[in-house]
Structure formats: C-alpha cells, structure tokens
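Chain A is the first sequence line, chain B the second, and so forth, proteins listed ahead of strands; every chain is numbered from 1. Predicted model, so just to flag it, every value in this text is computed and none were measured.
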Amino acid sequence: MHKIYTHIVQIAGDVITVEADGVGYNEIAEISASRGTSLAQVIRLDGRRVSLQVFAGSKGVSTGDKVRFLGHPMRVASGDDLLGRIFNGSGIPLDKGPVLADNLVESGGPPVNPVKRVIPNKMIRTGIPMIDVFNSLVESQKLPIFSIAGEPYNELLARIAIQAEVDIIILGGMGLKHDDYLFFRDTLDQHGALARSIFFMHTAADPTVECLLVPDISLAVAEHFALNGKRVLVLLTDMTNFADALKEISITMEQVPSNRGYPGDLYSQLAARYEKAVDFDTAGSITILAVTTMPGDDVTHPVPDNTGYITEGQFYLKGGVIEPFGSLSRLKQQVNGKTRPDHRTIMDTMIQLFASYRETLEKQAMGFQMSAWDKKLLNYGGLFEREMMSLKVNVSLEKALDKGWEILHACFSPEETGIKPALIEQYWPK
Amino acid sequence: MPKDRTGRVVKITGNMVTAHVDGVIIQNEVAFVQHGAEALKAEVIRVRADKAEMQVYENTSGLQIGDEVVFTGELLSVELGPGMLGQIFDGLQNPLPPLAAQHGFFLKRGAYLTALAQDVEWEFTPLAKKGDTVRAGDILGSVPEKIFKHCIMVPFGLQGIREVVSIAGLGRYNLKKPIARLRDSSGKEEDVYLKQNWPVKIAIRAYAEKLKPHQPLVTKMRLIDSLFPVALGGTYCVPGPFGAGKTVLQQLISRHADADVVIIAACGERAGEVVETLKTFPELIDPRTHKPLSDRTVIICNTSSMPVAARESSVYTAVTIAEYYRQMGLQVLLLADSTSRWAQAMREMSGRLEEIPGEEAFPAYLESRIASFYERAGAVRLNDGSTGSVTIGGTVSPAGGNFEEPVTQATLKVVGAFHGLSRERSDARRYPAIDPLISWSKYPSVIPERYRVRGHAMLKKSRDVSQMMKVIGEEGTSLADYVDYLKGEYFDFVYLQQNAFDPVDESCSAERQQYVFAFIYDIMEEEFRFQSKEEALRFFQQLRQLTRGWNSSVFKSPEFSKIEQEIALLLEQKRSTNKETSNA
C-alpha cells in the first residue's frame with residue numbers, strides 16, 4: 001500500500017531529498033539504509049521533490065536507499081503501558097521492554113482554545129522554601145530554571161519531581177549526558193517515583209534531529225494523560241540544546257538566521273511547546289518545568305530571552321541556590337493568598353530585608369563603616385542563606401513559614417520588621 | 001471579477017504554500033486550500049507569473065502537491081455589526097466560545113464560524129428617511145448593543161452620494177434581513193444590512209477630517225496621565241524586557257481607562273494572561289457605566305501557540321473593529337500586546353518568501369508597516385459633525401531588553417508617547433516600572449505644564465545625586481543635595497508608584513491627580529532645613545508613610561481629609577522648628 005521510492009537526489013546535513021508523489025506535508029517516512037532503518041519527516045515539498053529530515057542522521061545513507069512513506073504525521077503510543085518505560089525521541093524503547101503501538105497520539109497537535117482553559121489556582125508543593133514560600137509553583141505553570149552549565153539544575157529538577165504532588169512525571173532529556181540520564185533514573189527509582197514516570201531520552205551522542213522530537217513527543221503523551229484527568233508534570237532538560245538543534249537544522253535548510261544564528265521563528269517554536277502547559281476546564285493539567293542553560297550567564301542570550309517572554313516566570317539558579325532576585329513566579333499571587341494568613345507578609349518582609357542585607361554587603365565590600373543596623377542585617381542574611389536558601393533545606397510550607405518567624409525573631413525587634421501589629425500578635429515567637 | 005478560479009498546490013514550506021493558477025490572481029485575496037473535507041484559509045502574499053504564493057492561516061500538515069486551491073476574489077475581511085462587544089475572537093475573527101462549544105478543547109483546523117450571530121434579532125430604530133441623500137458612513141438608524149446605541153451606517157465602501165429608496169420601520173431584524181435600500185446616481189440599487197464587511201488591511205476613512213489629538217485620555221495611572229500623557233486619538237508604545245510588567249500595565253489600563261470601547265489584541269502572547277482577562281472582565285464592574293467591563297470590551301486573541309499567519313492579521317482585525325466603533329462617535333482604545341510578535345510573524349513570512357533580510361532578519365518593509373498601523377489611530381470629525389477617536393497603545397518586547405533593536409526603533413519614530421519600562425525599576429518593585437528619565441510624551445498633561453516640568457526636574461536632580469552617592473558615599477554628599485535626593489525619592493514613592501493591588505490606589509482620577517500634585521508641588525518647592533541627614537531621612541520616611549496611606553483612602557472621604565491634615569501638621573511642625581533654629 002505504501003509506495004517505496006529509491007530516487008534520493010540530494011543529501012545535505014541530515015536532510016535528504018527524494019522524488020516522490022502523493023506525499024503529505026509533515027508526513028513520516030521510513031528510510032532503510034545499510035546501517036539500519038530510521039524514521040524521517042517531510043519538511044518541504046516542491047513539485048516532486050520531497051525533503052526529509054532524517055531522525056537518525058544521514059550518515060551512511062546512500063542515494064540508492066529505499067524511502068517508504070507511512071501516510072501519517074509523527075505519532076507516539078500513549079497510555080498506562082508507558083509508565084516506568086524509557087524511549088528515545090522517536091518513541092523507540094531504550095529499555096528491554098516491548099515496542100508499543102496502542103493509543104497512538106499525534107505529536108505537535110493543535111493549540112488549546114483559550115476559552116477552555118481555567119485560571120490556574122492550585123499550588124504544587126515542593127518542600128523547597130525558596131519555591132513554596134517565595135515563588136510558589138502553580139499547577140499548569142510553565143517555568144524554566146535559568147542557570148549556567150555546572151549548576152545543580154538536574155538535581156533540583158529531580159528533587160521537585162520526587163516531591164511534587166502530581167500523578168505522572170514525564171522527563172524529556174535533550175542532549176543529556178549519559179550519567180545525567182542514569183542519575184535521573186536512579187533518583188526516581190530510589191524514591192519509588194519510577195513507576196509513575198516516563199522517560200524520553202536524547203543523549204548528546206544521539207542524532208541532532210531526535211533532539212527536536214523530544215519536547216513534542218513528551219508533551220503529546222502528557223496531553224493524552226491530562227485529557228484523561230491526570231495531573232502531569234513535564235520536565236524538559238535542557239531547552240537550550242533544543243534551540244541549538246533548531247539552529248543547526250534551519251541553517252542546513254538555508255534559512256536566513258535572525259539573531260546569533262538562531263532562526264527567526266525561535267520564539268514561535270519555543271512557545272508552541274511551552275504553551276502546551278494547561279489546566280483544562282473539566283480535565284487534568286500539564287505543568288512544565290524546563291532547564292535553560294544560559295551561555296556565559298547572559299540572560300539576554302536569544303534562548304533565555306525568548307524563553308522569558310513565553311514562560312510564567314523563571315527560577316534563577318546561581319551558586320547552587322535559587323537566587324531570590326531574578327527569580328519570579330508570575331502565578332504565585334493566584335495561590336499564596338490562600339495558604340496561611342502570614343504567607344505574603346513573610347514573603348515580602350524577608351525579601352525586603354534580604355535586599356537590605358545585600359546592600360550592606362556591598363557597603364562592607366567598599367569599606368564603609370558598619371552601623372548597628374548593618375550588623376543586624378549581616379546576621380540575618382547569614383541565617384537566611386543557611387536556613388532558607390540552601391537547597392539542603394527540605395520542609396513543608398508551614399514549617400518554612402514558622403522558620404521565617406524564628407529567623408526574624410532571632411535578628412530583629414518586631415517594629416524593625418515593619419510587619420503589621422495584628423500579625424506580630426499572632427505569629428511572633430514568644 | 002471571475003469567480004471560482006482554482007489552482008493546484010505545487011510547493012509547501014511551513015505555512016507557505018505556492019499554487020499554480022490558470023487565470024487572474026489578485027494580490028492579498030483570500031483562498032482556500034482543499035484537503036479532503038478540510039478547507040484551509042490562506043492569503044495571497046506574492047504573485048510570480050502564474051504562481052500564487054500564499055500564507056496559510058493554519059497548520060499545513062498533510063497537505064499534498066496537487067491539492068486544489070479555490071480563490072475567492074475577496075480581500076481578508078471582517079464582519080462589522082452589532083454583537084461584537086463582549087466577544088472573544090481569534091485573529092481571523094472566529095468567535096472562540098462557539099468554537100469551543102462545537103469542537104471542544106482544541107482549535108480544530110479549518111473550522112471557521114461567522115463572526116456575528118446571524119439569527120439574533122436586534123431592535124432597529126430608523127433615523128434616515130426615504131428620499132434622504134446619504135454618503136458612506138452616514139447613519140441610517142441604530143440598534144441597542146450593551147451600553148451603546150450601535151449605529152447602522154451606510155457601507156463605508158460606497159462611493160459618492162446615494163438616495164434612500166426605502167428604509168425599514170421600527171422593529172426587530174436579524175443580520176440577514178435588509179434594513180434599507182439605496183440608489184446611486186446611475187439608478188443602480190442595493191440593499192443595506194445591519195452588518196457590513198470591510199477588508200482589514202485598508203483603513204476606514206468615511207469621516208470628514210482627521211483632527212489633531214489634544215484631549216487627554218485618562219488612564220488613571222498617575223505616572224502616565226501627569227508626566228507621560230496619552231491623548232484621545234494618539235498613539236503610544238510600551239517597550240520593556242520580560243518581567244518588567246508590560247502586560248500588567250496593559251491590563252490595568254484596559255480596566256480603568258476613560259474610553260467608551262476597549263479592544264484588546266492579545267497578539268502572540270501567553271494564553272494564560274488572556275484567560276485571566278476573559279474570565280475576570282465579566283465580573284468586574286466598570287465604575288462609569290455600572291455594567292461589567294466585558295460589555296465595553298472586544299478581545300482579539302491570537303496567542304503564541306496559535307498559527308503565526310493569523311497573528312499577523314490579528315492586529316489588523318483589531319484596528320478595523322476599533323475604526324468601526326469610532327465611526328459611531330465613540331472613543332476607542334486599542335491595546336496591542338505585543339507588536340513585536342506581530343513583527344516576528346512578518347519576519348517568519350519574509351524568510352519563507354526568501355526576501356532579502358534587513359536588520360536582525362526583519363523585512364525591509366518593517367518600518368512602513370509599523371508606521372501605517374499606528375497611523376490608523378486618530379481623532380476624527382465625522383460627517384455629522386460629531387467626533388470619535390481611536391487611540392493605539394502597543395507593547396514592544398525587545399530582544400534582550402535592548403531598545404536599540406529594529407521594532408522598538410521603528411515604533412518610536414511614529415508614536416506620540418513612549419513609556420519605557422526598565423528592569424531596574426521592576427527589580428526594585430517600583431511599579432508601574434515606567435522609567436521617568438527615558439520616557440517622553442508629546443501630548444498635553446492633566447496637570448498644569450509648570451507642575452509637570454518641575455516634576456521632571458526633581459526626578460532628574462534626585463537621580464544625579466543618587467548616582468554621585470554611589471561613588472562618594474552618603475558621607476561625601478552635601479546635606480542640600482541629600483535633601484533633593486530625598487524629595488525625588490518621595491515624589492517617586494508616593495506619586496509615580498501606584499499599588500495595583502490596592503482597590504483605591506489602583507486607579508487615580510484626573511481630578512485627584514491635580515489635587516495631590518498641587519499638594520506635593522508645595523513640598524517640592526519648600527526649603528526644608530535639617531540638622532543632619534538622619535533627621536532628613538526620618539522626616540521624609542514619615543512623610544512617605546503618611547502619603548501612602550493617603551493614596552489608599554477614597555478621594556474626598558473623611559479619612560482622606562484626616563490624613564491630609566496629619567500631613568499638613570507634620571509639615572507645619574517642621575516649618576516651626578526651622579523658624580526656631582533660624583531665630584536661634
């Protein structure tokens with residue numbers, strides 16, 4: 001039924017061109033080369049000339065190889081059978097389990113009608129005070145972790161995954177180091193979260209094109225679960241590798257680059273993925289946490305810059321801690337008014353005082369004299385860094401708020417905090 | 001024009017499809033690509049010999065070489081008539097709630113609905129009489145729509161003078177029934193309906209003349225109305241890095257601005273933010289009309305994951321609807337968030353057309369497109385002598401927060417006011433984060449000119465001192481300079497900054513602005529004398545605390561007067577100690 005074509009007329013980068021008829025745009029084809037078979041996707045149609053992006057790369061593809069068009073766009077099996085399994089970007093198992101072909105869902109499906117979304121209103125508790133207290137994570141939020149290479153972003157991601165109260169965890173790895181992949185697997189396993197997790201893995205050694213497939217395939221499966229009422233957390237690491245793969249392909253396709261070599265549609269490409277985060281009216285939700293490594297710690301680099309315009313805030317991981325300045329959860333106001341009456345006050349007061357502490361540090365560094373107030377701030381800053389900011393701290397929101405009062409009590413008199421008398425009355429440690 | 005012209009698809013790259021056509025091709029006409037049962041809307045954007053290059057407003061997955069293309073001979077148009085207020089459309093004017101009712105969670109490709117409900121009946125009251133002579137844009141009658149009398153006008157496209165042959169009497173009519181019949185000088189007759197169509201990329205010009213914008217559009221934001229005002233019929237832009245509060249600012253303005261109709265064009269931005277607007281507006285009450293805010297709002301929503309080509313047309317759809325309401329003598333405010341996404345949509349299309357790229361790969365016609373979009377704003381005198389206006393406010397999302405980039409620069413050339421947001425101010429939680437030292441406006445303010453000038457001077461002086469203090473420390477600064485610095489900070493904290501979460505402070509009427517500014521002006525002019533910097537700091541901190549409480553009290557309420565007296569008392573005490581020290 002599917003015609004086989006053998007007339008490959010061009011191979012450039014990972015894109016091959018074959019002459020064929022009756023092919024649909026974005027259709028999937030199978031290429032049988034001497035080194036094995038690979039899937040490929042149609043990315044341009046020009047008369048009889050069909051250009052395909054070869055997922056496994058074009059290395060070893062000969063002009064005499066067979067191309068068989070499958071007549072459908074990229075699809076992936078979904079459903080409970082996937083839980084605990086590991087696949088590559090094309091949906092082929094990397095573990096020893098069977099190949100799945102049930103519940104096929106299309107990857108890169110249509111956008112959600114905005115009127116079918118609900119205003120996000122459920123907090124996801126992570127046990128990390130810098131998130132829970134200061135920048136609460138909200139169900140259906142899309143949030144990247146901005147950091148430079150070498151920061152413990154994957155550790156942070158894994159910790160959130162283990163502790164977050166969600167039904168399904170989907171991890172999409174792009175250009176991951178093999179040890180990072182093992183780290184994720186082992187950590188989730190140790191904490192018994194593997195059975196509700198699905199992995200889509202692309203390691204740095206795999207072909208570039210497969211990297212591009214990872215977010216779509218992860219999110220297509222997530223969407224399938226969410227439509228069935230599940231709360232899904234999707235972890236994507238590292239989206240900068242995804243953007244670099246886009247750059248590589250678009251330059252191979254001779255597209256005019258816009259900024260530092262990235263294609264002009266980088267924003268739309270990233271948004272198409274991040275916007276899959278959703279809280280469905282009458283069904284489940286998708287929350288996306290992604291890692292965006294910033295080359296040279298430069299937030300104006302095209303990848304973090306475009307990401308920042310799309311996502312609902314960002315966690316800024318620096319020096320092994322979540323930096324309170326620069327980190328932002330745009331949705332926190334939707335949830336932090338409903339937790340405990342002192343939540344917002346503790347959040348604002350502690351951050352304002354921490355800002356003063358940072359100013360004092362600057363003054364100290366410049367050799368200005370330290371006043372009594374400066375000394376109090378220095379004491380406070382140290383306590384805050386050790387007992388709130390450190391990623392070793394793992395406590396519930398309520399405990400973290402209590403801890404906040406203790407720290408304030410240890411450093412200041414009630415008036416110095418500027419907190420409303422009614423709250424002081426209720427919460428100030430006696 | 002030959003109808004039913006067809007062609008065949010010969011090339012597909014992304015959402016650009018090329019078709020081979022036998023016969024005439026019209027630039028910018030709408031075509032439908034047929035694929036199985038689906039018909040995907042597209043627009044011709046370039047013609048080369050017998051090939052029409054089209055941007056398809058949908059995902060092109062599955063389209064094949066040889067698929068049929070049907071050309072309509074019509075430019076991309078919107079339907080204008082009663083029923084738009086309170087509605088949510090996509091960039092092509094498909095109403096989203098009915099789409100959701102029919103197709104569920106997702107936006108189904110190729111599903112189009114008529115923008116307005118065709119069968120709903122409206123109570124028509126005729127105004128024109130049989131035998132009247134009318135021109136395009138003249139009012140034939142009206143129907144009530146939410147809070148307005150929605151005027152039914154002679155179609156804007158008709159040339160020359162027409163005679164009213166017949167007009168419907170008082171009664172209920174739906175959009176499909178003619179309500180009048182007009183005859184032109186050659187005797188040709190045609191029907192007029194409650195609705196009319198208009199091509200979005202052409203401005204509606206059925207008015208007598210365009211006027212200079214001179215009357216302020218009060219946004220209830222002190223920083224804008226007093227220092228960087230916007231005029232009815234004017235234009236302004238809001239560039240800023242991400243996280244600086246562009247969208248929050250636009251949302252506040254969409255709620256509080258003194259406009260009759262607000263059109264919100266959510267162009268390529270987050271869906272979540274649109275959801276917030278569309279779910280909360282029906283519940284928020286407009287203090288001017290005591291009706292839900294949604295009654296005066298039209299939302300055009302083409303969020304970032306919706307097809308890119310429709311994003312490009314969404315700003316045109318929005319401005320066309322704005323112009324339509326202006327023709328009724330209303331003051332319309334169009335808020336476009338964000339024009340950078342619109343520019344990026346142009347860039348993507350230009351890349352697919354393989355045009356020679358300009359700066360940062362934006363097309364060479366970027367500037368002229370931006371200019372002609374903002375030029376569609378304006379205050380106009382209509383044929384009947386009344387006036388209406390379209391004010392356009394566009395946000396810009398510059399790459400890396402750098403205002404030197406092409407979209408910001410092209411926009412700055414054509415707008416009348418610039419509200420530049422700064423990361424520095426938003427990091428310091430000084431909202432709205434409009435940087436008073438880089439922003440400007442060419443429109444008249446709600447406060448007297450000398451006050452405005454004084455405010456600017458104060459801020460500049462204060463900034464200079466604070467820069468200097470960073471180098472030489474507080475110790476090295478003279479007391480007089482330090483007091484100027486404190487005055488500037490005070491002005492910033494109690495006047496420029498506004499608390500969006502405070503029910504009173506979030507909107508400040510023009511009257512209140514004039515009153516409060518006059519009060520603060522006296523403080524700025526006063527020569528305070530202090531013994532030490534600590535004393536000065538304490539004094540201004542006290543003043544700031546009191547004034548902030550003042551901002552949160554209802555204007556002219558007993559509490560307002562009470563706090564005003566407390567502030568006056570504090571100032572009086574200071575003056576008397578000054579006298580004592582000067583006597584001593």
Please flag which part of [X] lies under 4.5 Å from any non-hydrogen atom of chain B: side chain, backbone, both or neither.
X	answer
A:Q314	side chain
A:P302	neither
A:E223	side chain
A:N259	side chain
A:D298	neither
A:P73	neither
A:T311	backbone
A:R330	side chain
A:P263	neither
A:Q333	side chain
A:L331	neither
A:Q141	neither

Handout entry: Donor-acceptor contact present, side-chain A:Y267 to main-chain B:G268, <3.5 Å
Key =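 At least one qualifying donor-acceptor pair exists.
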
Practice task
Check whether NZ of the Lys or CZ of the Arg B:R270 lies under 6.0 Å from the centre of the six-membered ring of A:Y309 and within 45 degrees of that ring's axis.
Solution key: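 No, B:R270 does not lie over the aromatic ring of A:Y309.
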
Exercise for the section: Walk me through it: do A:Q334 and B:E276 pass the test side-chain contact (heavy atoms from CB on, under 4.5 Å)? Expected result: CA-CA 11 Å; A:Q334 315 277 11; B:E276 210 178 314; 3.5 Å; yes

Problem - Interatomic distance, A:N113 atom CG to B:Q102 atom CD [nearest 0.5 angstrom] - result: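 Going from CG on A:N113 over to CD on B:Q102, the span is 11.5 Å.
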
Exercise for the section: To the nearest 0.5 Å, tell me how far B:T60 OG1 sits from A:Y25 OH. Expected result: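 Nearest 0.5 Å value for the OG1-OH distance: 5.0 Å.
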
Exercise for the section: Select one option (side chain, backbone, both, neither) describing which atoms of B:F362 are under 4.5 Å from chain A's heavy atoms. Expected result: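 Neither part.
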
Handout entry: Modelled atom types, side-chain donor and acceptor of B:Q344 and A:S268, under 3.5 Å
Key =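 No.
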
Problem - Neighbourhood of chain B inside residues 273-281 of chain A, taking heavy atoms under 4.5 Å as contact - result: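 When heavy atoms of chain B are the reference, residues 273-281 of chain A contributes A:E275, A:F280, A:D281 within the under-4.5 Å range.
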
